[in-house]
Number of protein chains: 2
Amino acid sequence: MSRRPLTIGRLASAAGVNLETVRYYERIKLMPPPARTASGHRAYEEGHIRRLAFIRRARELGFSIEQIRTLLALAEPTRASCAEVQEVAQTHLDEVRAKLADLAKLERILAETVARCSGDPAPTCPVLDILTTQKRA
Amino acid sequence: MSRRPLTIGRLASAAGVNLETVRYYERIKLMPPPARTASGHRAYEEGHIRRLAFIRRARELGFSIEQIRTLLALAEPTRASCAEVQEVAQTHLDEVRAKLADLAKLERILAETVARCSGDPAPTCPVLDILTTQKRA
DNA sequence: CTGCACCCCGTAGCGGCTACGGGTGCAAGA
DNA sequence: TCTTGCACCCGTAGCCGCTACGGGGTGCAG
């Protein structure tokens with residue numbers, strides 16, 4: 001099948017993940033320990049690529065490591081319960097929406113403040129004003 | 001003037017900051033080391049409250065510690081250059097907008113995916129599908 | 001004078017990596 | 001055949017911005 005052994009480096013680039021991150025995932029037991037060659041090098045299988053790629057995509061979507069653990073467990077048996085997966089995803093979505101709202105508020109305040117800047121070397125500065133004055137939010 | 005000594009605890013609650021955080025700010029030299037009583041307790045002045053409150057508001061607006069160092073330096077002389085302050089704030093605003101865009105994209109993907117969930121204990125799950133399938137973003 | 005809140009300090013932990021340093025293995029070119 | 005140079009091995013420390021912990025000492029009110 002495979003001409004060349006699936007080393008950690010090849011696994012990492014196949015899944016689009018940093019090599020050190022793969023070793024980190026093994027340490028925290030998110031990736032299972034692979035077989036070893038006689039000289040101690042890690043020897044992976046195809047399945048590891050799929051698992052690592054799953055993890056990477058979940059991270060890109062902002063799921064936490066612990067959430068990914070749950071998702072991986074739920075994905076494992078073929079008869080996974082969509083409802084449980086949905087719950088994890090919904091929880092994460094709620095968190096994302098909360099952060100989004102916070103960040104949008106921030107953006108508005110910053111944008112308004114910066115927009116008031118004259119650019120002059122003036123003694124009064126809207127940015128410093130907002131930081132110096134009692135908050136009103 | 002002040003009836004009671006301005007201890008770290010009173011400073012912290014006056015500025016709305018955790019007490020441990022104040023000691024942390026002192027360690028990283030964001031707050032200057034205050035005078036000490038004979039028994040070694042920290043004795044602050046009014047100015048410390050203003051500085052700490054400035055820091056807290058800047059943190060609430062998402063400025064990094066290093067950015068705050070810069071802002072504090074620029075705020076110090078009365079003849080601060082608004083242009084330099086504006087630059088720091090604009091940089092931060094750009095970062096906030098980038099994160100906002102990322103998060104909004106995330107929200108959309110998650111929301112669409114979760115919306116497709118039937119809630120049934122079905123074998124196929126849109127959330128797992130998106131994690132298992134090659135990404136398309 | 002006792003009890004308790006407050007303060008002192010140093011250190012370790014959080015999440016999710018990333019980097020470093022010092023050593024071995026392995027494949028391919030000269 | 002030798003050697004070059006990359007890939008791999010491992011443990012540990014660092015990043016950010018705190019927060020928590022543990023084992024003490026201090027100050028004030030009842």
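So you know, we letter chains A, B, ... as the sequences are listed, proteins then strands, and number each from 1.
- The interatomic distance linking B:Arg10 (CZ) with C:dA5 (P) rounds to 15 Å, in whole Å.
- Rounded to whole Å, the distance from CG on B:Leu6 to P on C:dC7 is 10 Å.
- As judged by a 4.0 angstrom heavy-atom cut-off over every strand, A:Tyr25 is placed among residues touching the sugar-phosphate backbone only.
- In this structure, B:Ile28 places its CD1 atom 17 Å from C1' of C:dT11, rounding to the nearest Å.
- Between A:Thr7 and D:dC8, a side-chain N or O to OP1/OP2 separation shorter than 4.0 Å is present.
- The CZ-C1' distance, from B:Phe63 to D:dC16, rounds to 17 Å in whole Å.
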Could you go through nucleotides 27-30 of chain D and list every protein N or O atom that sits under 3.5 Å from one of its N or O atoms, giving the distance for each pair?
| residue | atom | partner | partner atom | Å |
| --- | --- | --- | --- | --- |
| D:dG27 | OP1 | B:Ser39 | OG | 2.5 |

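- In this structure, the CD atom of B:Glu60 is 15 Å from the C1' atom of D:dC18, given to the nearest Å.
- For the pair B:Arg10 (side chain) and B:Pro5 (backbone), a donor-acceptor distance under 3.5 Å is present.
- Taking atom CD1 of residue B:Ile8 and atom C1' of nucleotide D:dT26, one finds them 15 Å apart after rounding to whole Å.
- Taking atom CD on A:Glu66 and atom C1' on C:dG16, their separation rounds to 12 Å, with Å as the unit.
- Within residues 15-23 of chain B, the residues having any heavy atom closer than 4.0 Å to DNA chain C are, in order of number, B:Leu19, B:Arg23.
- Rounding to the nearest 0.5 angstrom, the gap separating the CG atom in B:Leu131 from the CZ atom in A:Phe63 is 6.0 Å.
- Within 6.0 Å of atom CD in B:Gln67, more than 12 heavy atoms from other residues, nucleotides or ligands are found, so the atom counts as buried in its surroundings.
- For the atom pair A:His48 NE2 and A:Leu52 CG, the distance stands at 9.5 Å (nearest 0.5 Å).
- In this structure, NZ of B:Lys29 is placed 18 Å from C1' of D:dC16, rounded to the nearest angstrom.
- Taking CZ of A:Arg42 as the start and OG1 of A:Thr7 as the end, the distance is 10.5 Å to the nearest 0.5 Å.
- Using a 4.5 Å heavy-atom threshold, the side chains of B:Leu128 and A:Phe54 count as touching.
- Residues A:Leu6 and A:Glu45 have side chains not in contact (no heavy-atom distance under 4.5 Å, counting atoms from C-beta outward).
- At the heavy-atom level, A:Arg36 lies under 4.0 Å from the strands shown only through sugar-phosphate atoms.
- Residues satisfying the side-chain contact (heavy atoms from CB on, under 4.5 Å) test with B:Glu84, not counting sequence neighbours, are B:Leu74, B:Ser81.
- For the pair B:Tyr24 and D:dC16, the criterion of a side-chain N or O lying under 4.0 Å from OP1 or OP2 is not met.
- Side-chain proximity of A:Arg59 to D:dC9, C:dC9, C:dC17: nearest is C:dC17.
- If you check C:dT18, C:dC9, D:dC18 against the side chain of B:Arg42, the one that comes closest is C:dC9.
- B:Arg97 places no side-chain N or O within 3.5 Å of a backbone atom of A:Glu107 that could act as its donor or acceptor partner.
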